[in-house]
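These notes concern the structure reproduced below.
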There are 2 protein chains.
Amino acid sequence: MYRSVWKGTVAPSGIFLYRAVRISGVTAKTRGRPRGFDADAALDRAIEVFWEHGYEGASLADLTDAMGINRPSMYAAYGNKEELFRRAVARYAEYDMAYAREALAEPTAYATVEKFLKANADALTQPGRPAGCLSIQGGLAGGSDNGQVAQFLAASRLAGEQQLAERLARAVDEGDLPAGTDPADLARYVMTVSEGNAVHAAAGADRARLYATVEIALRALPRT
Amino acid sequence: MYRSVWKGTVAPSGIFLYRAVRISGVTAKTRGRPRGFDADAALDRAIEVFWEHGYEGASLADLTDAMGINRPSMYAAYGNKEELFRRAVARYAEYDMAYAREALAEPTAYATVEKFLKANADALTQPGRPAGCLSIQGGLAGGSDNGQVAQFLAASRLAGEQQLAERLARAVDEGDLPAGTDPADLARYVMTVSEGNAVHAAAGADRARLYATVEIALRALPRT
DNA sequence: TCCCTTCCATACCGAACGGTACATAATTTT
DNA sequence: AAAATTATGTACCGTTCGGTATGGAAGGGA
């Protein structure tokens, strides 16, 4: 699908789409030497580097070392550092934040929020993984050069907030939440607690402390 | 007091203390050419650069341009980039976060938390200043080189949390909060909301939205 | 087997980074 | 007025940054 567009050396922004057909696991017929590494596995290692050091703080040397590949391989497979980051964030959202989608499937608004915040607290304090959340540690400030990155992360977080708002709106319709409850406000509050917990986790707060915060936060939810 | 220790060219870490006697506004007798700029005013400009771009994202060129001085003057006055940042954060905590100390003087725990969160929301969305909070935007991730910076900021935030916890402990003693309320947990919750609001503000949330979050957050406070 | 295509490894690029040497300007002290 | 001391301006240092040119290695198609 993407293949026919590009041939040979391509413009920087095109490389990503060009390669995407194989990166995403679709084993189309290939010519030439096959790639010597698993692009998704390498992306998982890149996720951890960005997660721990942020976008700016993660150098290409850090990244390629962790990914076990060299620089040209990274550029061929992902395009450039920013594209690598975007793909890392997308994969992080799909796998490491799967609990968020699961929470939406809970039968009540309260159960949804409770499961989301507790699973979030778990994810923020997983042993063997960086503390905190890639979506926040990745980069808050930006401005001069990497403002795009901060905006991308903000949009990514906002998308999750809106999904939660839709779930809560349904709860209001169903009478599960009191009429007059603003789902957007409530969703924003929940995400605010989640993001604050991420800041605390990055600073070293342990899981028990995050749970204690969640318990208090849940008291703010409106009950029918 | 500090002066007699150092003479002429000094070790990097010593410069800060050496100059501190005049930076802090104490006009001791000086020899040699007087400084051509106001060190505190320059620090205020540095605060905004760090606030907007973070520690890593703020280059020396950005900083000295904003401060209106050249590089050697910066090094002579503050020591190095990290010391400049620490002094910026200290000044930020003293002036830009004065509302936090004022909130502690409110007569009740509820009023303290309400004032703190609302004044915080105001500070996060001041027109003409960077959105968000230096204590968080300054740098969350760290790790390789600037791990010290992230730790310093975390310690700074924790100090505020502990002051709030002390105020809430007093409220429990006074019967203003229900017996059995854990002041540390409650203080952490309040700071969590504040930090989450900072993340939202950095992403562009306006003041009204932060206020709506605060209104919901206040519902979690225990009432006697 | 030969060719074509693609990947990998090394070595490099210009630019930007934090930090500094050095000469000169502006003061106070003697 | 001369000496001593400190700040400023310029120009530079070595390192690291993101990104790339190039040649050889490794596979598929004919």
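Hydrogens, waters and symmetry mates are skipped; everything else that's a heavy atom, side chains included, is used.
For A:K118 and A:E215, the salt-bridge test passes: some basic side-chain N is under 4.0 Å from an acidic carboxylate O. A salt bridge does not link B:E83 with B:R87: none of the charged nitrogens is closer than 4.0 Å to a carboxylate oxygen.
Of the N and O atoms on the side chains of B:Y75 and B:N70, not one donor lies less than 3.5 Å from an acceptor on the other residue.
Side-chain N/O atoms of A:S73 include none lying less than 4.0 angstrom from OP1 or OP2 on C:dC7. OP1 or OP2 of D:dT8 has not a single side-chain nitrogen or oxygen of B:N70 nearer than 4.0 Å.
For the side-chain hydrogen bond (donor to acceptor under 3.5 Å, both in side chains) with A:H200, the lone residue among B:R188, B:E195, B:R157 that qualifies is B:E195.
Taking atom OH of B:Y75 as the reference point, atom C1' of D:dA7 lies 17 Å away to the nearest angstrom. The distance from atom CD of B:E56 to atom C1' of C:dA16 is 15 Å, rounded to the nearest whole Å. Here D:dC17 presents its P atom at 15 Å from CG of A:L84, a figure rounded to the nearest Å. One atom, CZ of B:F85, and another, C1' of C:dG19, lie 19 Å apart when rounded to the nearest Å. Summarising the geometry, the separation between CG on A:N80 and P on D:dC17 is reported as 17 Å, rounded to the nearest angstrom. Here D:dT8 presents its P atom at 12 Å from CG of B:D38, a figure rounded to the nearest Å. The nearest whole Å value for the distance from the NE2 atom in A:H53 to the P atom in D:dG18 is 13 Å. Remark: C1' of D:dT8 and CE of B:M74 are 15 Å apart, rounded to the nearest angstrom.
In this model, a side-chain donor or acceptor of A:R33 finds a partner on the base of D:dA25 within 3.5 Å. A donor N or O paired with an acceptor N or O is not found under 3.5 Å between the base of D:dG9 and the side-chain atoms of B:R71.
For B:P72, whose side chain is taken as the heavy atoms from C-beta onward, the closest listed nucleotide among C:dG19, C:dT20, D:dT6 is C:dT20. Of the candidate nucleotides C:dT29, D:dG19, C:dG19, C:dG19 has the atom nearest to the side chain of B:L60.
Heavy-atom distances to DNA chain C give each of B:G32 and B:S59 a nearest nucleotide, and the one nearer the 5′ end belongs to B:S59. Comparing A:A58 and B:I69, the nucleotide of DNA chain D nearest to each residue sits closer to the 5' end for B:I69.
Figure legend: cation-pi geometry between A:K81 and A:F50 absent, as NZ or CZ is not positioned both under 6.0 Å from the six-membered ring centre and within 45° of its axis.
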